Engineer: 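One structure is given below, represented as structure tokens, and several questions about it will come after.
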2 protein chains.
Amino acid sequence: MRIGELAERAGTTPRTLRYYESLGLLPPADRAGNGYRSYGEEHLRMLEQIRTLQEYGFGLEETRPFVECLRAGHPAGDTCAASLAVYRSKLAEIDAWTARLTAVRAEVAAQLLRAEREAGAEAGADAEPLCELTAVLAEAGRPDEGTPPQ
Amino acid sequence: MRIGELAERAGTTPRTLRYYESLGLLPPADRAGNGYRSYGEEHLRMLEQIRTLQEYGFGLEETRPFVECLRAGHPAGDTCAASLAVYRSKLAEIDAWTARLTAVRAEVAAQLLRAEREAGAEAGADAEPLCELTAVLAEAGRPDEGTPPQ
DNA sequence: GCTGGCCCTGACGCGTACGTCAAGGTCTAC
DNA sequence: GTAGACCTTGACGTACGCGTCAGGGCCAGC
């Protein structure tokens, strides 16, 4: 299988596969006589593992233990100790982010309410509907802040 | 007030102030006869507004309406309509992130549990404590993924 | 034999928010 | 008069995950 076919089957691009190889994330592909990279099904499995983890918000480096687990011949990339450790630290990271977002949401919602009150006071008495919208938004969710992975 | 003093009072650096000015986020500072930038208290207020929002995870561009609100002479940066709109869209963004993190956490926790079972099966019967740790972690939190702003 | 599609390597671009360095001018104090 | 602390502009570096050329080789079909 050449790079274009593998890329398509994996839902990615040749550029990305070369990039992973340059990082040492994927093992160097065999080369055909003309210098073209030659891949097997095991490479597809590694790429699927990487993509899944990326969709979860893992960085490429965090996928490395999973890929190496597959390279070591394990049927799954996440049954090795190092992979399990990454899963666990990711859960902790997620929890930390969630807590931060929750706190920030509360802060922003409070600021919004205050600012709307002050805006109304500044302008006189005319912007009532804004306050109702705000109250709805304030009750709707939890805080979030920034751009978490994934 | 020169740039170094303002930066220190605002808890930032001269480089950052020049950067903001280059973005047009801060108004161009007056210049003393020697070419040095000269600032007043109003610049400090703008910087405090920017810093607060950054701690909430706002990007610099998102702080622009707040700064312009102050520049327009309002006593607070967040009582203008554009600022309120940014607050509201930020709340929505936070809620979206929180939902995503929650979903991802559930996925990762499920994968972790499955992988631990499979790891135990692969190795025979010896890795029991791992499963107990996992159960604790799985109950502890919610999902998170990636690196949200702030 | 030639067009078109695939492959190769190397290198620059992007977005964010600055840090850091270079090369030089200015002002204060000793 | 000179050391030291401040200021100026300009430009490159950082982290991430590739996208997008540029310039060139390889191969199948007509």
Side-chain angles (χ1 to χ4, degrees), chain A residues 1-26 28-39 43 46-64 66-67 86 90 93 97 145-150, chain B residues 1-26 28-39 43 46-64 66-67 86 90 93 97 145-150:
Chain A
M1 185 166 31
R2 294 191 303 186
I3 196 169
E5 184 183 347
L6 176 59
E8 191 172 3
R9 289 179 61 186
T12 180
T13 68
R15 165 66 173 131
T16 296
L17 303 196
R18 295 192 198 102
Y19 177 57
Y20 290 172
E21 186 178 311
S22 80
L23 294 179
L25 184 57
L26 286 182
D30 290 344
R31 298 296 181 126
N34 54 13
Y36 289 9
R37 287 176 180 79
S38 179
Y39 295 95
H43 290 97
M46 295 179 201
L47 286 170
E48 287 168 347
Q49 176 74 81
I50 293 171
R51 275 204 66 191
T52 299
L53 295 176
Q54 279 195 302
E55 286 168 10
Y56 291 164
F58 287 53
L60 282 181
E61 284 308 317
E62 291 175 318
T63 72
R64 193 180 290 272
F66 296 78
V67 177
V86 172
K90 198 48 133 181
E93 199 184 322
W97 268 114
E145 166 184 305
T147 72
Q150 294 299 322
Chain B
M1 185 166 33
R2 294 191 303 188
I3 197 169
E5 184 183 346
L6 176 59
E8 191 171 3
R9 289 179 60 187
T12 180
T13 67
R15 166 65 173 131
T16 296
L17 302 196
R18 294 191 198 103
Y19 177 57
Y20 291 172
E21 185 177 312
S22 78
L23 293 179
L25 184 58
L26 287 183
D30 291 343
R31 298 296 181 126
N34 54 14
Y36 290 9
R37 288 177 180 79
S38 179
Y39 296 95
H43 291 97
M46 296 179 200
L47 286 170
E48 288 168 346
Q49 176 74 79
I50 293 172
R51 275 203 66 192
T52 299
L53 295 175
Q54 280 196 301
E55 287 167 10
Y56 291 164
F58 287 54
L60 281 181
E61 284 309 318
E62 291 175 318
T63 72
R64 194 180 290 272
F66 296 79
V67 177
V86 172
K90 196 48 130 182
E93 198 184 323
W97 268 114
E145 165 183 307
T147 70
Q150 293 299 322

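No experiment lies behind these values; they were computed from the predicted model shown. Lettering of chains follows the sequences in order, A, B, ..., and the numbering in each one begins at 1.
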Engineer: On DNA chain C, compare the nucleotides closest to B/Gly33 and A/Gly4; which residue's is nearer the 5' end?
Structural biologist: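 Here A/Gly4 is the residue nearer the 5' end.
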Engineer: So A/Tyr56 and A/Phe58, would you call those rings parallel, tilted or perpendicular, with 30° and 60° as cut-offs?
Structural biologist: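 Tilted.
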Engineer: Measuring from the side chain of B/Thr13 (C-beta onward, heavy atoms only), which nucleotide among C/dT9, C/dG19, C/dG25 has the closest atom?
Structural biologist: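 Closest of the options to the side chain of B/Thr13: C/dG19.
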Engineer: Quick test of your reading of the model: are B/Arg18 and B/Glu21 salt-bridged, counting only N-O distances below 4.0 Å?
Structural biologist: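 Here B/Arg18 does not pair with B/Glu21 in a salt bridge, since their nearest N and O are not under 4.0 Å apart.
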Engineer: Would you mind reading off the distance between A/Ile50 atom CD1 and D/dG17 atom P, rounded to a whole angstrom?
Structural biologist: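 A/Ile50 atom CD1 is separated from D/dG17 atom P by 11 Å.
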Engineer: Can you identify which nucleotide, out of D/dG17, D/dT8, D/dC26, has its nearest atom closest to the A/Asn34 side chain?
Structural biologist: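 Ranking D/dG17, D/dT8, D/dC26 by closest atom to the A/Asn34 side chain puts D/dC26 first.
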Engineer: Let's see if you can work this out: which of D/dC18, C/dT26, C/dT9 has an atom nearest to the side-chain heavy atoms of A/Arg31?
Structural biologist: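 That would be C/dT9.
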Engineer: Applying a 4.0 Å non-hydrogen cut-off, can you work out what A/Arg18 is touching in the nucleic acid: base, sugar-phosphate, or nothing?
Structural biologist: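 Touches a base.
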Engineer: Find the distance A/Arg2:CZ to C/dG5:C1' and express it as a whole number of Å.
Structural biologist: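 Rounded to whole Å, this separation is 9 Å.
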Engineer: Confirm from the modelled atom types if B/Arg15 and C/dT20 form a donor-acceptor pair under 3.5 Å, side chain to base only.
Structural biologist: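 Flag set: donor-acceptor pair detected.
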Engineer: Between C/dC8, C/dC18, D/dC7, which one does the side chain of A/Ile3 approach most closely?
Structural biologist: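 Taking heavy atoms from C-beta onward, the closest nucleotide is C/dC8.
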Engineer: What's the closest nucleotide to the side chain of B/Tyr36 if the choices are C/dG25, D/dC18, C/dA17?
Structural biologist: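 For B/Tyr36, the side-chain atoms sit closest to C/dG25.
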